[in-house]
Asks: 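Structure below; questions to follow.
Small disclaimer: the values here were computed from a predicted structure and weren't measured.
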Amino acid sequence: METLTKTKKLTGSKAMTLAIEQEMERDDKIFIMGEDVGTYGGIFGSSTGLKEKFGSDRVMDTPISETAFIGAAIGAAAEGFRPIVELMFVDFHGVVMDQIYNHMAKITYMSGGNVKLPIVLTTAVGGGYSDAAQHSQTLYASFGHLPGLKVVAPTYPFDIKGLMAAAIRDDNPVVFMFHKTLQGLGWMDQIPASFGPVPEEEYTLPLNKAKVVQEGSDITIVGVQMMTVAAVKAAEILDGSAISAEIIDLISVKPIDKETIINSVKKTGRLLIVDEDYMSYGITAEVAAIVASEGFAALKAPICRLANPDVPIPYSRVLEQYVLPNSHKIAEAAKKVIYS
Amino acid sequence: MEISKEHLLWMYEKMKMSRLFEERMQAAYMEGKQPVFNIGSGPVPGEMHLSNGQEPAAVGICVHLKKEDTVTAPHRPHHHAIAKNVDLNKMTAEIFGKKTGLGKGKGGHMHLFDPEVKFSCGGIVAAGIPHAVGAALAAKKKGKDWVAVSFIGEGAANAGAFHESLNLASLWHLPLIVVIEDNSWGISVPKSESTCVPSNDVRAAAYGIKGYLVKDNDPFEMYKVSKEAVERARKGGGPSIIEIETYRFLGHFQGDPELYRDKEEVPSLLKKDPINRVMNFMIEKNLSSKIDFEKIDARIAAEINNAYQFAMESELPHPEEALEDVFV
Ligand SMILES: Cc1ncc(C[n+]2csc(CCOP(=O)(O)OP(=O)(O)O)c2C)c(N)n1
């Protein structure tokens, strides 16, 4: 049976919409709301073609009223629907954080588990193309900090599709962060990672698992989305210096898959964590804390972290490139961990 | 109402300057993005929202403003900035990401700040309205007759910040004027599919304030209602809403495929160019001649040219400067 699975090469965006399409066909309780998700198909291609297929009752363009329509997802979910709502850029979370933080994330708990909110909150993240301080953030940690939300940030099309299907089927609110550069859009940087084999049939992937995307023995590098991609490139550079790096794609920001990370560090004895988000209180700190408290004995060197050095993302390319981690900075940092 | 020749000329010049600025920006933006468009490439990367066609909204009210009055603008800010006399060289340099820019290259096109003339803008829809409320509150606390004008698109009138701000400004009788530029579109969503009332002036009733509707991108009508709103605000008469039906000649952002919009829309809008309208009016009334306008245009073109020259020749910031200015 397995061998009969047909795969297609798809972009991140196509993988995402295919999952939504298949789920919408399966379950008519699913509908989509968001700005420009209808005719435009999502500014970052998150719903291309879905309005044509399912009509404007199930793929609803909204006014620029995030508090109203993301809040409405909560009310509709409590009534048995399974809304997918899009916050166009994660940066706009500010206008709607009360609905997300105090309601979407807490109602299940406050109701003693009696209210379930099967919502997928999709949102575009990431910088690197000079969109400046209010349109370039990832804010993984801001969402990961909140109890009551599952947060996934997949990198490759295969994972995007499987995780989207799982997010939709989950009975809890799931924040589904898609990276703009990994959507494989024609008008952004073209990178091979944004295009890959995806089974056409339905499948789900666990919402709480990281993945070893490349095995190695000298150092574990943990990344998420574009930082995973940068780490894979860094591993090629390190190869030239006879350093073997093991790369972990975090995928799930909340909960963090401790087991996969600790097992890897047990093997390599060294850890570098890379994040496009801000340094303080972020993924790098969280992963470092996990390994320091639960995998300390395996460490042969101090843990190293690379992330935005706590500055808003600057516009000018030279400034932005300075604050963003990249493959060269990762390779340098890895060498330091190994040689110092 | 008669509009003085001086004011007509001022409006013409600012509209023309804005248009030439945008045309030049459109070209600069496309540099390095051809034949393959990549939003992150070229000397002006990132998103670019141009204002061609929307000039009457900015000049019709800014002609009544002084340096001490505050303007907040949205993500499409160049025409407002020019009408509020923002330093053209520094603004252009900012958009080119240069050290000599208004924000030393840190802000970019959606985040221009010129405190000298009390201008600011931002990339979060409707977020500038509360800031204008605060400036209006400050004017009142200081006992000045200053006003604050917040420009937004019609899409922003559906955001909570719009409604909260107007209630607050009305409650406290603040000198705030919200100018809503209805260019029919919020990216791909037409106003009819985002807004429950045909025009936003009627929403003024909800706050017990005056609402105005300017039809057909009319610079003269915009001038008149703005004069009334600004005068009332200066005298302590509280806030107003002005909605102007305006034209978006270009895409939402540069590179927008605009598949959602009828191919006929833009050509029909272009026929009603508001800048020509002011010029033709002045020529018809014998207030200025074609030759006068040619001279004005040449002077403005030179000014724009200087600004672009300045921007292009300016130095880029040093990478480490990214770490500065998080705090003063
Ligand atoms: C809070 C928030 N939501 C969404 C966006 C994305 N966005 C940027 S501009 C825009 C449309 C704005 O429409 P309108 O206010 O009518 O102004 P226009 O672009 O037409 O000038 C949207 C949805 C944003 N920047 N901020």
Asks: If I compare all heavy atoms of A:S316 with all of B:L316, which pair ends up nearest, and what's the gap?
Replies: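 Residues A:S316 and B:L316, closest heavy atoms: OG-CD2, 4.1 Å.
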
Asks: For the candidates A:Q134, A:E320, A:Q321, which exhibits the highest count of non-hydrogen atom pairs separated by less than 4.5 Å from chain B?
Replies: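 Looking at each of A:Q134, A:E320, A:Q321 in turn, A:Q134 comes out on top.
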
Asks: Verify the neighbour count for atom NZ of A:K233: are there more than 12 heavy atoms of other residues, nucleotides or ligands below 6.0 Å?
Replies: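 It does not: A:K233 NZ has 12 such atoms or fewer within range.
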
Asks: Which bit of B:E320 is near chain A, if near means a heavy-atom gap under 4.5 Å: side chain, backbone, both or neither?
Replies: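 B:E320 touches chain A through backbone and side-chain heavy atoms alike.
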
Asks: Could you report the tightest heavy-atom contact between B:E47 and A:F89, atom names first, then the distance?
Replies: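 Residues B:E47 and A:F89, closest heavy atoms: OE2-CZ, 3.6 Å.
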
Asks: Measuring heavy-atom distances to chain B, does A:M60 have an atom under 4.5 Å in its side chain, in its backbone, in both, or in neither?
Replies: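 Neither; nothing under 4.5 Å.
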
Asks: In residues 188-206 of chain B, which residues are in contact with chain A at a heavy-atom separation under 4.5 Å?
Replies: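 When heavy atoms of chain A are the reference, residues 188-206 of chain B contributes B:S188, B:V189, B:S194 within the under-4.5 Å range.
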
Asks: If I take atom CG from residue B:D256 and atom CD1 from residue A:I43, how far apart are they, to the nearest 0.5 angstrom?
Replies: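 If we round to the nearest 0.5 Å, B:D256:CG and A:I43:CD1 are 7.5 Å apart.
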
Asks: Pick one of side chain, backbone, both or neither for A:T39, based on which atoms fall under 4.5 Å of a heavy atom in chain B.
Replies: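 Side chain only.
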
Asks: Which one, B:D325, B:L259, B:V125, leads in non-hydrogen pairs under 4.5 Å with chain A?
Replies: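 Highest number of heavy-atom pairs under 4.5 Å: B:V125.
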
Asks: Give a yes or no on whether A:H103 atom NE2 has more than 12 heavy-atom contacts from other residues, nucleotides or ligands under 6.0 Å away.
Replies: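 Yes, enclosed.
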
Asks: How about B:K98: does its NZ atom have over 12 heavy atoms from other parts shown lying under 6.0 Å from it?
Replies: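 Buried by this count: over 12 neighbours within 6.0 Å.
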
Asks: Give, as side chain, backbone, both or neither, the part of B:L323 having an atom under 4.5 angstrom from any heavy atom of chain A.
Replies: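 It is both, since atoms from each part get that close.
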
Asks: Would you please test B:N38 and A:Q190 for side chain to side chain contact (heavy atoms under 4.5 Å, CB included) and show each step?
Replies: CA-CA 9 Å; B:N38 180 336; A:Q190 302 299 306; over 6 Å; no

Asks: How close do B:V326 and A:P312 get, heavy atom to heavy atom, and via which atoms?
Replies: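 Smallest interatomic distance, heavy atoms only, reads CG2-CD, 4.1 Å.
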
Asks: Where does A:L185 contact chain B at under 4.5 Å (heavy atoms): side chain, backbone, both or neither?
Replies: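 Contact with chain B: none, neither part.
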
Asks: Considering only heavy atoms from C-beta outward, does the side chain of A:V311 approach that of B:K106 to under 4.5 Å?
Replies: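 Counting from C-beta outward, A:V311 and B:K106 never come under 4.5 Å.
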
Asks: To the nearest 0.5 Å, what is the distance between CG on A:D61 and CD1 on B:I187?
Replies: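 If we round to the nearest 0.5 Å, A:D61:CG and B:I187:CD1 are 10.0 Å apart.
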
Asks: Picking from B:G160, B:P257, B:G107, B:G255, which has the most non-hydrogen pairs under 4.5 angstrom with chain A?
Replies: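 Among the listed options, the one with the most contacts to chain A is B:G107.
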
Asks: Taking the side chain from A:S130 and the backbone from B:G46, do they hold a donor-acceptor pair closer than 3.5 Å?
Replies: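 Side chain of A:S130 to backbone of B:G46, a donor-acceptor pair under 3.5 Å: no, none is there.
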
Asks: Do you know the tightest heavy-atom contact between A:V323 and B:A322?
Replies: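 Where A:V323 meets B:A322 most closely, the heavy atoms are CG1-CB, 3.7 Å.
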
Asks: If I compare all heavy atoms of B:K104 with all of A:L319, which pair ends up nearest, and what's the gap?
Replies: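 The answer is O-CD1, 4.0 Å.
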
Asks: Between A:Y315 and B:I95 (side chain of the first, backbone of the second, donor and acceptor by atom type, cut-off under 3.5 Å), is there such a pair?
Replies: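 A pair under 3.5 Å: yes.
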
Asks: I need the minimum non-hydrogen distance between A:R317 and B:G42, along with the two atoms involved.
Replies: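 Looking at all heavy atoms of both residues, the closest pair is NH2-O, 2.6 Å.
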
Asks: More than 12 heavy atoms of other residues, nucleotides or ligands under 6.0 Å from CD of B:E324: yes or no?
Replies: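 Result for CD/B:E324: enclosed.
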
Asks: Check the orientation of A:Y40 and B:F253. Use parallel for under 30°, tilted for 30 to 60°, and perpendicular for over 60°.
Replies: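 It falls in the perpendicular class, over 60°.
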
Asks: To the nearest 0.5 angstrom, please state how far the NE2 atom of A:H93 sits from the CD1 atom of B:I124.
Replies: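 One gets 9.0 Å once the value is rounded to the nearest 0.5 Å.
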
Asks: Pick one of side chain, backbone, both or neither for B:H252, based on which atoms fall under 4.5 Å of a heavy atom in chain A.
Replies: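 Contact with chain A involves no heavy atom of B:H252 at all.
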
Asks: Please determine, among B:A157, B:G40, B:A126, B:A159, the option with the most heavy-atom pairs under 4.5 Å with chain A.
Replies: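 Highest number of pairs under 4.5 Å: B:G40.
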
Asks: Could you tell me the separation between the CD1 atom of B:I39 and the CG atom of A:D131, rounded to the nearest 0.5 Å?
Replies: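 Output value for this atom pair is 5.5 Å.
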
